[in-house]
J.: 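The structure that follows is given in the form of structure tokens.
Bear in mind that the values here come from a model prediction, so they are computed numbers and not experimental data. As the structure lists them, so they are numbered: ligands from 1, and atoms in each ligand from 1.
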Amino acid sequence: MSGFLEGKNIAITGAGNGIGKAVALYCASEGANIVVADYGVSMDGSDPTSEVADAVVAEIKESGGDAVAVAGDVSQFSVGGDIVAASMDNWGSIDGVVCVAGNLRERMLFNMSEEEWDAVIAVHLKGHFNVYRHALAVMRKQETGGSFVGFTSGAFMASTAQANYSAAKGGIISLTKSTALTAASLAMRGGGPINANCIAPVAKTRMSENVPFGIEMGEAEDIAPMAAYLLSDPGRHVNGQIYTVVGKRISVWSQPEEVRTMMAPGDRWTAAEIAEALPDGVGTEQHPFIADLERRMAEMAAEKEQGES
Ligand SMILES: NC(=O)c1ccc[n+]([C@@H]2O[C@H](COP(=O)([O-])OP(=O)(O)OC[C@H]3O[C@@H](n4cnc5c(N)ncnc54)[C@H](O)[C@@H]3O)[C@@H](O)[C@H]2O)c1
């Protein structure tokens, strides 16, 4: 063991499969004790089993590490508490949380049921809140602080068939940035160092099976080292960032900001004044996914025309 995370106690949701499992095994191989938090469900959230979390715990123990399973549903507030308590009760601290658990209920927005919306927001967004909330209450009192790693997706920008997932992933970014800001303010008041960042992964797992052929794709094991770095002491100064991780590539996202401003000619804008001033004033910003869609439609039309001629 190289021990990059030696002595750290880390809880990982969704650690039973895919990316979460790869993060759990890698962090354990770097010396961390792991809470393997996984409900053991299918992709739509059905058929829970504790066998999935237990199997990863067994794998970590066989390799000489230490781990404990929590086979609860992260969308339940109390399960967030159980996950943090598992680390405290077994090893006396919680030094990092990684929220990887996720489900999918794909549907176009105009057909989406309330249940499909709620189920995805509950596991992804509320699942992050439930663990962050309980962990931060402990970490703020620890001299050694702690780390949060949220899992978002490039789909936070938009998704035609997964508006629920897209909205949850956008919420996770805002929640994580709020955690980062809270952490900074606690540190300024003498608290231990706490950081909070997001990873937007792309990796071959059961969840990405239906992603269209041709998209840049790596393995779940490619994501794990970045999570471990953000959980480590050398990575503790990194705060409020979003990183895409895919294969050999790590990219940082820009921080959103206002880019242009225009001021009302009178006390307050009228709609008519905005209509006249906006195009040459603040204008608009192109949505990259809509631009991409327009480009692909134009390519398809050109191909069809060529085929017909
Ligand atoms: N795979 C990708 O390319 C990709 C792309 C973008 C974002 N992501 C995100 O990365 C994360 C991991 O994805 P993955 O591809 O490894 O998925 P996966 O389906 O392989 O694993 C998800 C795990 O979460 C667990 N889980 C689901 N609901 C749960 C609940 N209510 N409580 C506790 N555990 C629960 C499942 O049992 C499963 O083990 C997800 O948040 C996903 O949105 C993945």
Side-chain angles (χ1 to χ4, degrees), residues 11-26 35-57 59 69-80 82-83 86 97-106 118-131 149-159 162 164-173 175-176 198-213 215-224 226-227 242-247 249 251 253:
I12 303 167
T13 75
N17 278 297
I19 297 167
K21 180 178 176 183
V23 172
L25 296 179
Y26 187 84
V35 178
V36 176
D38 200 292
Y39 202 27
V41 283
S42 57
M43 241 168 39
D44 67 359
S46 59
D47 303 324
T49 168
S50 57
E51 285 171 21
V52 171
D54 287 343
V56 177
V57 168
E59 200 171 330
V70 176
D73 174 0
V74 291
S75 68
Q76 301 301 310
F77 187 63
S78 62
V79 172
D82 296 343
I83 290 168
V97 298
V98 189
C99 292
V100 197
N103 58 349
L104 279 185
R105 296 289 183 88
E106 293 183 275
D118 287 346
V120 169
I121 299 292
V123 174
H124 287 273
L125 181 54
K126 191 160 181 229
H128 275 67
F129 164 71
N130 290 340
V131 184
V149 181
F151 268 73
T152 183
S153 160
F156 88 86
M157 296 272 293
S159 171
Q162 302 175 331
N164 47 1
Y165 182 80
S166 174
K169 291 308 197 187
I172 287 166
I173 290 174
L175 173 66
T176 305
C198 275
I199 292 177
V202 187
K204 272 179 245 155
T205 66
R206 64 180 191 172
M207 195 182 274
S208 57
E209 254 168 21
N210 293 333
V211 170
F213 180 71
I215 194 171
E216 186 186 10
M217 189 69 83
E219 306 292 334
E221 288 72 19
D222 299 327
I223 315 295
M226 185 61 179
I242 313 170
Y243 294 99
T244 292
V245 186
V246 49
R249 177 165 76 85
S251 306
W253 286 72

J.: Answer yes or no for Val123: is there a heavy-atom contact with ligand 1 below 4.0 Å?
T.: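 It does; at least one heavy atom falls under 4.0 Å.
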J.: Mark up the atoms of ligand 1 that fall under 4.0 Å of a heavy atom belonging to His124, in ascending order.
T.: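 Those atoms are 41 (O), 43 (O).
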J.: Between Thr13 and ligand 1, find which residue part has any heavy-atom pair under 4.0 Å and reply side chain, backbone, both or neither.
T.: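 Thr13 to ligand 1: no contact under 4.0 Å from either part.
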J.: Applying side chain to side chain contact (heavy atoms under 4.5 Å, CB included) between Val74 and each of Val123, Asp82, Asn130, report the one that passes.
T.: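 Of the listed options, the one satisfying the test is Val123.
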J.: His124 vs Tyr165 aromatic rings, parallel, tilted or perpendicular, using cut-offs 30° and 60°?
T.: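 Correct class here is perpendicular.
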J.: Could you check atom 39 (O) of ligand 1 against the protein and tell me its nearest heavy-atom contact, residue, atom and distance included?
T.: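 Answer, as residue, atom name and distance: Asp38 OD2, 2.6 Å.
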J.: Is it the side chain, the backbone, both or neither of Met217 that has a heavy atom closer than 4.0 Å to ligand 1?
T.: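 For Met217, there is no contact with ligand 1 at all, from either part.
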J.: By number and element, which atoms of ligand 1 are closer than 4.0 Å to a non-hydrogen atom of Gly18?
T.: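 Near Gly18, meaning under 4.0 Å from one of its heavy atoms, ligand 1 has 16 (O), 20 (O).
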J.: Within the 4.0 Å heavy-atom shell around Gly72, which atoms of ligand 1 are there?
T.: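 Taking each heavy atom of Gly72 in turn, ligand 1 has 32 (N), 33 (C) under 4.0 Å.
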J.: Indicate the atoms forming the closest heavy-atom contact of Ser166 with Ala155, along with that distance.
T.: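 So the two residues come closest at OG-O, 2.7 Å.
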J.: Write down the atom of Ala122, the atom of Lys126, and the distance for their closest heavy-atom approach.
T.: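 Of all heavy-atom pairs spanning Ala122 and Lys126, the closest is O-CB, 3.3 Å.
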J.: Output yes when the distance from some N or O of ligand 1 to some N or O of Ala203 is under 3.5 Å, and no in every other case.
T.: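 For ligand 1, there is an N or O atom that lies under 3.5 Å from one belonging to Ala203.
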J.: Below the 3.5 angstrom mark, is there an N/O of Val41, backbone or side chain, next to an N/O of ligand 1?
T.: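 Checking ligand 1 against Val41, an N or O pair does fall under 3.5 Å apart.
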J.: Using every non-hydrogen atom in the two residues, find where Cys198 and Thr152 come nearest and quote the distance to one decimal.
T.: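 Reported closest heavy-atom pair: CB-CG2, 3.8 Å.
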J.: Decide salt bridge (charged side-chain N to carboxylate O under 4.0 Å, His left out) for Lys204 and Glu209; before the verdict, give the C-alpha distance in whole Å, the side-chain angles of both, and the deciding distance to 0.1 Å.
T.: CA-CA 7 Å; Lys204 272 179 245 155; Glu209 254 168 21; over 6 Å; no
J.: Can you name the atoms of ligand 1, numbered from 1 with element, that are less than 4.0 Å from a heavy atom of Gly40?
T.: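 Those atoms are 37 (O).
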J.: Of Val70, Val97, Val131, Ile12, which is the lone residue that meets side chain to side chain contact (heavy atoms under 4.5 Å, CB included) with Val35?
T.: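 Among the candidates, only Val70 passes.
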J.: Counting both backbone and side chain atoms, is some N or O of Val74 under 3.5 Å from an N or O of ligand 1?
T.: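 Yes, since at least one N or O of Val74 sits under 3.5 Å from an N or O of ligand 1.
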J.: Using the rule given for side-chain contact (heavy atoms from CB on, under 4.5 Å), can you reason through Ile242 versus Ile173, listing the C-alpha separation, both sets of side-chain angles and the distance that settles it, and then say yes or no?
T.: CA-CA 8 Å; Ile242 313 170; Ile173 290 174; 3.7 Å; yes
J.: Evaluating non-hydrogen atoms only, which member of Ala37, Ser208, Ala101 is closest to atom 35 (C) of ligand 1?
T.: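 Answer by nearest heavy atom: Ala101.
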J.: Counting only heavy atoms closer than 4.0 Å, does ligand 1 sit against the backbone of Thr205, its side chain, both, or neither?
T.: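 The side chain, only.
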J.: For the CG atom of Asn17 and the OG1 atom of Thr205, what is their distance to the nearest 0.5 Å?
T.: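 If I round to the nearest 0.5 Å, the distance is 8.5 Å.
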J.: Under a 4.0 Å heavy-atom limit, does Pro201 contact ligand 1 with its side chain, its backbone, both, or neither?
T.: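 The answer is both.
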J.: Within the 4.0 Å heavy-atom shell around Ser153, which atoms of ligand 1 are there?
T.: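 Atoms satisfying the 4.0 Å criterion: 6 (C), 7 (C).
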J.: Between Tyr39 and ligand 1, is there a nitrogen or oxygen pair with a distance under 3.5 Å?
T.: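 Tyr39 vs ligand 1: N/O contact under 3.5 Å present.
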J.: Name the closest protein heavy atom to atom 31 (N) of ligand 1, giving the residue it belongs to and the distance to 0.1 Å.
T.: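 Result: Asp73 OD1, 2.8 Å.
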J.: Within the 4.0 Å heavy-atom shell around Val202, which atoms of ligand 1 are there?
T.: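 By the 4.0 Å cutoff, the relevant atoms are 3 (O).
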J.: Please list the nearest protein heavy atom to atom 40 (C) of ligand 1 with its residue and the distance rounded to 0.1 Å.
T.: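 Ranking protein heavy atoms by distance from atom 40 (C) of ligand 1, first comes Val100 O, 3.2 Å.
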J.: Would you mind checking which non-hydrogen protein atom is closest to atom 22 (C) of ligand 1, with the distance to 0.1 Å?
T.: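 Sorting protein heavy atoms by distance from atom 22 (C) of ligand 1 puts Gly102 O, 3.9 Å first.
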J.: Counting heavy atoms not belonging to Lys169, are there more than 12 under 6.0 Å from its NZ?
T.: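 Enclosed: over 12 neighbouring heavy atoms sit under 6.0 Å from NZ of Lys169.
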J.: Within a distance under 4.0 Å of any heavy atom of Thr152, pick out the atoms of ligand 1 and give their elements.
T.: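 Contacts of ligand 1 toward Thr152, numbered from 1: 7 (C).
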J.: Can you check whether Arg105's main-chain N or O pairs, donor with acceptor, with Asn164's side chain at less than 3.5 Å?
T.: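 Yes, because the side chain of Asn164 sits within donor-acceptor range (under 3.5 Å) of the backbone of Arg105.
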J.: Examine the proximity of ligand 1 to Lys21 and report which part, side chain or backbone, both or neither, has a heavy atom under 4.0 Å away.
T.: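 No part of Lys21 is near ligand 1 at this cut-off.
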J.: Do side-chain atoms of Thr13 reach the backbone of Ala101 as a donor and acceptor pair under 3.5 angstrom?
T.: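 Yes; at least one donor-acceptor contact below 3.5 Å.
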J.: In terms of residue, atom name and distance, what is the protein heavy atom nearest to atom 38 (C) of ligand 1?
T.: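 Its nearest protein heavy-atom neighbour is Arg206 NH2, 3.3 Å.
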J.: Would you mind listing which atoms of ligand 1 come within a distance below 4.0 Å of any non-hydrogen atom of Tyr165?
T.: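 The atoms of ligand 1 under 4.0 Å from a heavy atom of Tyr165 are 6 (C), 7 (C), 8 (N), 9 (C), 42 (C), 43 (O).
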J.: Based purely on interatomic distance, does Lys169 place a nitrogen or oxygen under 3.5 Å from a nitrogen or oxygen of ligand 1?
T.: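 Looking only at distances, the answer is yes, because the N/O contact criterion of under 3.5 Å is met.
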J.: Taking Ile172's backbone N and O only, do any of them form a donor-acceptor pair with Thr176's side chain (distance below 3.5 Å, no angle check)?
T.: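 Here the side-chain-to-backbone pair exists.
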J.: So which atom in Val246 and which in Gly218 form the shortest heavy-atom distance, rounded to 0.1 Å?
T.: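 Smallest heavy-atom distance, with atoms named: CG2-N, 3.8 Å.
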J.: Examine Asn17 against ligand 1 and note whether any of their N/O atoms are separated by less than 3.5 Å.
T.: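 Yes; the residue has a nitrogen or oxygen that sits under 3.5 Å from a nitrogen or oxygen of the ligand.
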J.: Taking atom OG of Ser208 and atom CG of Leu104, what is their separation to the nearest 0.5 Å?
T.: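 Going from OG on Ser208 over to CG on Leu104, the span is 9.5 Å.
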J.: Got the closest protein heavy atom to atom 13 (O) of ligand 1, with its distance?
T.: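 Residue, atom and distance for the closest contact: Met207 SD, 4.0 Å.
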J.: Does His128 use its side chain to pair, donor to acceptor, with the backbone of Phe151 at less than 3.5 Å?
T.: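 Judged by distance alone, yes, a pair lies under 3.5 Å.
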J.: Looking only at distances, please establish whether an N/O atom of ligand 1 is found under 3.5 Å from an N/O atom of Ile19.
T.: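 Yes, at least one N or O pair falls under 3.5 Å.
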J.: If we only consider heavy atoms of Ile199, is any one of them less than 4.0 Å away from an atom in ligand 1?
T.: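 For ligand 1, residue contact (heavy atoms, under 4.0 Å) with Ile199 is absent.
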J.: Give me the atom names and distance for the closest heavy-atom approach of Met43 to Arg206.
T.: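 Answer, listing the atom of Met43 first, then Arg206: SD-O, 3.2 Å.
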